[in-house]
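Data first, discussion second: the structure below is written as structure tokens.
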Amino acid sequence: MLRDVAATVVGLAVAIAVIMGIQSIGHVIWPPPEGLDWNDTEVVQTYVSQLPFAALLFPILSYFLGALAGPVVASKIGTARPIVFGGIIGLVLLAFTIANLIQIPHPHWFSALAVAAVPVGAWLAINIVSHGKD
């Protein structure tokens with residue numbers, strides 16, 4: 001039980017690190033304006049609305065890959081079934097994603113893909129790990 005809790009925490013940390021890493025790459029390619037106030041929702045919304053399409057793909061890719069990596073790592077560490085790790089980590093990431101979308105309005109297509117990317121990544125992780133145990 002304790003091992004599975006630790007595996008879940010490590011898997012969630014890996015997922016968040018993957019998300020932050022990929023989004024950091026996007027910020028290097030398309031740096032935010034100097035002095036951008038990330039706490040001002042209107043300023044951030046204006047900034048996001050001016051980003052090119054390719055720049056908005058980085059967060060979506062990060063959500064997908066984070067939701068994929070976290071459960072895979074957790075499943076390698078823990079003893080529970082992969083669906084447990086995929087479900088828990090996927091739900092936490094989905095909650096964070098939705099909270100971010102509420103806080104910072106994005107284009108509708110982005111919101112739909114971001115919300116879909118998390119469960120698809122978690123589902124793929126569950127399937128990869130489950131088939132690897134056959």
Side-chain angles (χ1 to χ4, degrees):
M1 172 76 168
L2 188 57
R3 181 176 178 158
D4 289 333
V5 171
T8 303
V9 171
V10 170
L12 189 56
V14 166
I16 292 169
V18 167
I19 291 168
M20 290 175 61
I22 292 171
Q23 290 188 18
S24 293
I25 294 168
H27 288 299
V28 168
I29 298 170
W30 294 280
E34 197 169 313
L36 178 69
D37 182 2
W38 290 99
N39 296 314
D40 187 334
T41 305
E42 287 185 31
V43 170
V44 175
Q45 183 177 5
T46 300
Y47 164 65
V48 169
S49 71
Q50 296 170 351
L51 286 170
F53 175 78
L56 292 174
L57 292 179
F58 272 80
I60 293 168
L61 179 64
S62 77
Y63 300 147
F64 171 76
L65 292 177
L68 175 68
V72 167
V73 169
S75 294
K76 298 297 181 184
I77 296 170
T79 60
R81 294 179 29 178
I83 194 167
V84 172
F85 299 117
I88 293 170
I89 294 169
L91 286 174
V92 170
L93 293 178
L94 187 59
F96 286 153
T97 301
I98 292 170
N100 177 270
L101 293 171
I102 290 169
Q103 187 178 22
I104 304 170
H106 291 77
H108 295 302
W109 66 266
F110 177 93
S111 298
L113 286 177
V115 168
V118 173
V120 170
W123 174 84
L124 186 58
I126 293 165
N127 281 288
I128 288 170
V129 175
S130 294
H131 286 88
K133 291 186 176 184
D134 289 342

Among residues two or more places apart or on two chains, list those pairs meeting side-chain hydrogen bond (donor to acceptor under 3.5 Å, both in side chains) that have a residue in [range].
range          : value
residues 3-12  : Asp4-Thr79
residues 25-34 : none
residues 46-66 : Gln23-Ser62

For [X] and [Y], which heavy atoms make the closest approach, and how far apart are they?
X      : Y      : answer
His131 : Asn127 : ND1-O, 2.6 Å
Pro71  : Gly66  : CD-O, 4.2 Å
Ile89  : Ala15  : CG2-CB, 4.3 Å
Gly90  : Ala122 : CA-CB, 4.2 Å

By side-chain contact (heavy atoms from CB on, under 4.5 Å), which residues pair with [X], not counting sequence neighbours?
X      : result
Ile83  : Arg81, Ile126
Val73  : Val10, Val14, Ile77
Ala112 : none
Val115 : Leu94, Ile98, Leu101

At what distance, to the nearest 0.5 angstrom, does [atom1] of [X] lie from [atom2] of [Y]?
X     : Y      : atom1 : atom2 : result
Leu65 : Phe58  : CG    : CZ    : 11.0 Å
Leu57 : Leu51  : CG    : CG    : 11.0 Å
Thr41 : Ile102 : OG1   : CD1   : 12.0 Å
Ile88 : Leu12  : CD1   : CG    : 10.0 Å

Do the side chains of [X] and [Y] join up, straight or via other hydrophobic residues, at under 4.5 Å, putting them in one cluster?
X     : Y      : answer
Phe53 : Leu56  : yes
Val48 : Trp109 : yes
Leu61 : Ile29  : yes
Val18 : Ile128 : yes
Val92 : Val5   : no

Original post:
Please walk me through it: do Ile19 and Leu93 pass side chain to side chain contact (heavy atoms under 4.5 Å, CB included)?
Top reply: CA-CA 10 Å; Ile19 291 168; Leu93 293 178; 3.9 Å; yes
Subject >> Qualifying ring pair (Phe, Tyr, Trp, His ring centres under 6.0 Å) pairs, either residue in residues 78-108, two or more places apart >> reply: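 Listed once each, the pairs are His106-Phe110.
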